[in-house]
**Q** 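Following this message is one structure expressed as structure tokens.
The chain is numbered in sequence order, starting from 1.
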Amino acid sequence: MENEQNNKELESLAKRIRFKSLPFDEKQMSERLADRIRRPVVISYAGKGNPAWKYLSIAASIALLLLTGIILADKEPEQGLVYYETTAVPDAKTKITLPDSSVVWLNANACLRYPREFSGQARQVEIKGEAFFEVRKDEKKPFIVRTDGIGIRVLGTTFNVDAEPEKTAVTLITGKIGLYKNTNQSPTADQILSPGERAVFYKPDNTLKVSTIRPENTTSWITGKFIFRDSPLEEIMQELQRAFHVKIYVEDEELARQTFNADFTAKETLDEILSILQISARYRIEKQKGEIFLK
């Protein structure tokens, strides 16, 4: 009976209320709403004396909550991708597992930027310095590596990237990769690499040069194992300085052209490797300010 009486009083009150259309200022309403949230107003009512105000205050509260939700949803900015950036410390290597379970090894001082999740149509990362990629195959979502000057597109491969300010070297171990200069706006790659090929992109003149290499030493900076077959000493030193992060200069041209066969598979130190090669090459080793000179 009490509920029926309340409903009749509420209906009678509603008939006496007249609503007039008012101009709606969204900015002003938002400011008033924010001020009301900061300084809430408590509306009291006489419980049994006039229950109609109880229902009206509840309705007003619901309307306020709905309006708050609408305004906040309208003002909330779109959530962009969250990116991580990892830099390998000097004289160290860093292993990173990406959101798609692909693995990236960073050489010393290399920097990798990648999203927290690959939510788009492609898996895209950015690299500065040297890194080795083991990309999980996904034909529906290609994997793209961006460097300063050239992009690399793969589906599922293993390859090495050495991105320097003036040039970027890409060495393919397995699978196939497409290389795209940043000036290339077409879907056709500037160069397709096959296993055992290395491409060097020279940024100043926007050129690509491809050569066939022995891929055994591509991951030597990770594994610590080196295999040299009829390799000029100058080429050997280039591999060693890349793996050990030290500048090595061969000052005699005839010495630089001498070829050697050598296997280093026990993770020897740089000093050990240079001492072993010294037996055959007969050079003198000098160290100056962290750099090595072979004379």
**Q** Atom NZ in Lys209, atom OH in Tyr202: separation rounded to 0.5 Å?
**A** 5.5 Å
**Q** Is there a side-chain contact between Asn160 and Ile173, using heavy atoms and a 4.5 Å cut-off?
**A** no
**Q** Are Tyr283 and Phe226 grouped together when hydrophobic residues (ILVMFWY) are joined by side-chain heavy atoms under 4.5 angstrom apart?
**A** yes
**Q** Is it true that Asp252 and Arg257 have a side-chain N and a carboxylate O under 4.0 angstrom from each other?
**A** no
**Q** If you take all heavy atoms of Ala281 and Leu255, which pair is closest and at what distance?
**A** O-CD1, 3.7 Å
**Q** Would you sort out whether Gln258 and Ser280 count as a side-chain contact (heavy atoms from CB on, under 4.5 Å), showing the intermediate values?
**A** CA-CA 10 Å; Gln258 288 186 33; Ser280 300; over 6 Å; no
**Q** Spell out, as yes or no, whether a donor-acceptor pair under 3.5 Å connects the side chain of Lys167 to the backbone of Val200.
**A** no
**Q** Atom CG of Leu270 and atom CG of Leu240: how far apart are they, to the nearest 0.5 Å?
**A** 6.0 Å
**Q** Identify the heavy atoms of Asn184 and Ala189 that sit nearest to each other, and give their distance.
**A** ND2-C, 4.2 Å
**Q** Does any non-hydrogen side-chain atom of Asn107 lie less than 4.5 Å from one of His245?
**A** yes
**Q** Parallel under 30°, tilted from 30 to 60°, perpendicular over 60°: which one fits the rings of Phe264 and Phe228?
**A** perpendicular
**Q** Between Pro99 and Pro115, what is the shortest heavy-atom contact and its length?
**A** CG-O, 3.5 Å
**Q** For Val103, is there any backbone N or O sitting under 3.5 Å from a side-chain donor or acceptor partner on Arg136?
**A** no
**Q** Could you tabulate the donor-acceptor pairs under 3.5 Å formed by side-chain atoms of residues 137-151, not counting sequence neighbours?
**A**
residue: Asp138; atom: OD1; partner: Lys140; partner atom: N; Å: 3.1
residue: Asp138; atom: OD1; partner: Lys141; partner atom: N; Å: 3.4
residue: Lys141; atom: NZ; partner: Phe118; partner atom: O; Å: 2.9
residue: Lys141; atom: NZ; partner: Gly120; partner atom: O; Å: 3.2
residue: Thr147; atom: OG1; partner: Ile150; partner atom: N; Å: 3.4
residue: Thr147; atom: OG1; partner: Ile150; partner atom: O; Å: 2.8
residue: Asp148; atom: OD1; partner: Lys203; partner atom: NZ; Å: 3.0
residue: Asp148; atom: OD2; partner: Lys203; partner atom: NZ; Å: 2.6

**Q** I'd like to know if Glu126 and Arg113 make a salt bridge, using a cut-off of under 4.0 Å between side-chain N and carboxylate O.
**A** yes
**Q** Do Ser220 and Arg242 make a side-chain contact, defined as non-hydrogen atoms from C-beta onward lying under 4.5 Å apart?
**A** yes
**Q** Please test Leu98 against Leu112 for side-chain contact (heavy atoms from CB on, under 4.5 Å), starting from the C-alpha separation and ending with a verdict.
**A** CA-CA 11 Å; Leu98 298 178; Leu112 179 72; 4.1 Å; yes
**Q** Inspect the contact between Lys287 and Asp271 and indicate whether a charged nitrogen and a carboxylate oxygen are less than 4.0 angstrom apart.
**A** yes
**Q** When rounded to the nearest 0.5 angstrom, what distance separates CG in Leu106 from OG1 in Thr87?
**A** 8.0 Å
**Q** Within a strict 4.5 Å, meaning less than it, do heavy atoms of the Thr157 and Phe133 side chains meet?
**A** no
**Q** Between Asp230 and Arg214, is there a side-chain heavy-atom distance shorter than 4.5 Å?
**A** no
**Q** Search all heavy atoms of Ala163 against all heavy atoms of Thr168 and return the closest pair with its distance.
**A** CA-OG1, 3.7 Å
**Q** Hey, what do you get for CD (Glu239) to CD1 (Ile227), rounding to the nearest 0.5 Å?
**A** 11.5 Å
**Q** Check whether Trp221 and Phe244 end up in the same hydrophobic cluster, where Ile, Leu, Val, Met, Phe, Trp and Tyr are linked by side-chain heavy atoms less than 4.5 Å apart.
**A** no
**Q** Is a side-chain N or O of Thr171 found less than 3.5 angstrom from the main chain of Arg198, in a donor-acceptor match?
**A** no
**Q** Give a yes or no on whether Gln288 atom CD has more than 12 heavy-atom contacts from other residues, nucleotides or ligands under 6.0 Å away.
**A** yes
**Q** Taking the cut-offs as 6.0 angstrom to the six-membered ring centre and 45 degrees off its axis, would you call Lys181 and Phe201 a cation-pi pair?
**A** no
**Q** Any side-chain heavy atom of Val89 sitting closer than 4.5 Å to one from Thr94?
**A** no
**Q** If you count every heavy atom of other residues, nucleotides or ligands that lies below 6.0 Å from Gln238 atom CD, does the total exceed 12?
**A** yes
**Q** Is there a donor-acceptor pair closer than 3.5 Å between any side-chain N or O of Glu235 and the backbone N or O of Pro232?
**A** no
**Q** Checking side-chain polar atoms at under 3.5 Å, does Asp100 have a donor or acceptor matched by the opposite partner on Ser102?
**A** yes
**Q** Using side-chain contact (heavy atoms from CB on, under 4.5 Å), reason through Lys176 and Ser194 one step at a time and then give a plain yes or no.
**A** CA-CA 5 Å; Lys176 284 191 176 182; Ser194 298; 4.2 Å; yes
**Q** Do Val210 and Leu172 belong together in a cluster built from hydrophobic side chains that touch within less than 4.5 Å?
**A** yes
**Q** Give the cluster check for Ile236 versus Ile248: same hydrophobic cluster or not, with ILVMFWY residues linked at side-chain heavy-atom distances below 4.5 Å.
**A** yes
**Q** Counting only N and O atoms by type, is there a donor-acceptor contact under 3.5 Å from the side chain of Tyr114 to the main-chain atoms of Ile127?
**A** no
**Q** Using 0.5 Å steps for rounding, measure from the CG atom of Asn261 to the CG atom of Asp263.
**A** 8.5 Å
**Q** Got a second to check how far Lys93's NZ is from Glu130's CD, nearest 0.5 Å?
**A** 10.0 Å
**Q** Should Ile192 and Ile152 be counted in the same cluster of Ile, Leu, Val, Met, Phe, Trp and Tyr side chains packed under 4.5 Å apart?
**A** no
**Q** For Lys247, look at atom NZ and say whether over 12 heavy atoms of other residues, nucleotides or ligands are found less than 6.0 Å away.
**A** no
**Q** Side chains of Leu274 and Met237: closer than 4.5 Å at any heavy-atom pair?
**A** yes
